[in-house]
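Just below is one structure, and these are the notes that go with it.
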Amino acid sequence: MSVKIATWNVNSLKVRLPHVLEWLTANKPDVLVLQEIKQTSDAFPAAAFSAVGYQSVANGQKTYNGVAVVSRFEISDPVFEFPDFADPQRRVLAATINGTRVVNLYIPNGSEVGSEKYAYKLGWLNILRDFLAGELLRHQRLVVLGDFNIAPTDADVYDPEGWGDAVLCSPLERQALRELLALGLTDVFRKFEHPEKSFSWWDYRAAGFRRNAGLRIDLILTNDAMTGACTACYIDKEPRTWDRPSDHAPVIAEFHFQATTI
DNA sequence: ATGGTGGCACAGCCA
């Protein structure tokens, strides 16, 4: 059995719905998780996804943030927030699909090092670690993916010296990410060969995409069972070339499992 | 370049 799971920060699903539907029908992932849908759950275009063969669950809000999961298969046991953390920002959607736990994250951006938003990001990452520790215990197959707003290493930055220790690359953020990995998760993109300067986000400003001035901040983390089953992980830059694109590109992981009894 | 572009929603915030 093969499974294809993808993540995409769409920067407004209202604007990007045609791109998402085009990409879904062309690439046919089993699961696509979205970030920054920037609309309420009620406004989520479930019928448009249903028409192309996908079920959906949304965790949205007005104006900012918002995440969703679309899937060719049943989406069960959804969780919309961390326990004991009353976060008004909709950034989490965990659900089980065909026996695999999928955790969709829109990790806070952090604005700039030292700011209130940066402190919120670090606190959020701390709560995330506790949540994922529990998810790892509860589920045999776990995939944690989304917009992490952290470039794991300098290899994930177009100009590491120029970027320095600014937000998305600062030591405390990278340390927090390493602590997530230390729970037993793998940044599965790095299990495969890729060209240098492979990125998933390019700033709209200053012709970032044309100059490949980007970062790899959209990640797919897998537990050992999923890492062992992963056959490919790659970034699809094509939608970033389309008219009126998101500033992020989709990231895809493919898995192959031996036939099992579930 | 102390900016630049894009989305939301209609002034300024967020990324």
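Below, chains carry the letters A, B, ... as their sequence lines are ordered, and counting in each starts from 1.
The cationic group of A:R91 does not satisfy the cation-pi geometry with A:F80, failing either the under 6.0 Å distance to the six-membered ring centre or the 45° limit from the ring axis.
Atom-to-atom, CZ of A:R210 to P of B:dT5 comes out at 13 Å; the value is rounded to the nearest Å. For the pair A:D203 CG and B:dG3 C1', the interatomic distance rounds to 11 Å; values are reported in whole Å. Atom-to-atom, CG of A:D243 to P of B:dT5 comes out at 16 Å; the value is rounded to the nearest Å. A:Q35 has its CD atom 14 Å from the C1' atom of B:dA15, to the nearest Å. In this structure, A:K62 atom NZ and B:dC13 atom C1' are separated by 14 Å, rounded to whole Å. When the P atom of B:dA15 is taken as reference, atom CD1 of A:I107 falls 13 Å away, rounded to whole Å. As rounded to whole Å, 13 Å separates atom P of B:dG7 from atom NZ of A:K14. Going from atom CG of A:L215 over to atom P of B:dA15 covers 15 Å, rounded to whole Å.
Each of B:dA9, B:dA15, B:dG12 was ranked by its minimum atom distance to the side chain of A:N109; first place goes to B:dA15. In the set B:dA15, B:dG7, B:dA9, B:dG7 carries the atom at the smallest distance from any side-chain atom of A:R244. Set against B:dA15, B:dC14, B:dG6, the side chain of A:R205 has B:dA15 as its closest nucleotide. Proximity note for A:Y204 (side chain, C-beta onward) versus B:dA15, B:dG12, B:dG6: the nearest is B:dG6. Closest to the side chain of A:R91, from the set B:dG7, B:dA9, B:dA15, is B:dA15. Closest to the side chain of A:Y64, from the set B:dG7, B:dA9, B:dA15, is B:dG7.
Rounded to whole Å, the C1' atom of B:dC14 lies 13 Å from the corresponding atom of B:dA9. Here the separation of B:dA15 from B:dT2, taken at their P atoms, is 23 Å to the nearest Å. Distance check on atom P: B:dG12 versus B:dA1 gives 28 Å, rounded to whole Å.
Mapping A:V15 and A:A207 onto DNA chain B by nearest heavy atom places A:A207 at the nucleotide closer to the 5' end. Positionally, the nearest nucleotide of DNA chain B for A:T63 lies more toward the 5' end than for the other of A:T63 and A:Y106.
In this structure, A:F257 and A:F255 have parallel ring planes: the angle between them is below the 30° cut-off, well short of the 60° mark. Taking the six-membered ring where the residue is Trp, A:Y120 and A:F85 present tilted rings, their angle falling between 30° and 60°.
Partners of A:D159 under the side-chain hydrogen bond (donor to acceptor under 3.5 Å, both in side chains) rule, at least two apart in sequence or in another chain, do not exist in this structure.
Although no hydrogens or angles enter the test, the distance criterion places no donor-acceptor pair under 3.5 Å between the side chain of A:K191 and the main chain of A:V188.
Look at A:K117 and you'll find a side-chain N or O under 4.0 angstrom from OP1 or OP2 of B:dC14.
Residue A:F209 is out of contact with every strand shown, counting any heavy-atom pair closer than 4.0 Å.
Residues in residues 40-75 of chain A take part in these ring pair (Phe, Tyr, Trp, His ring centres under 6.0 Å) pairs, two or more places apart or across chains: A:F44-A:F49.
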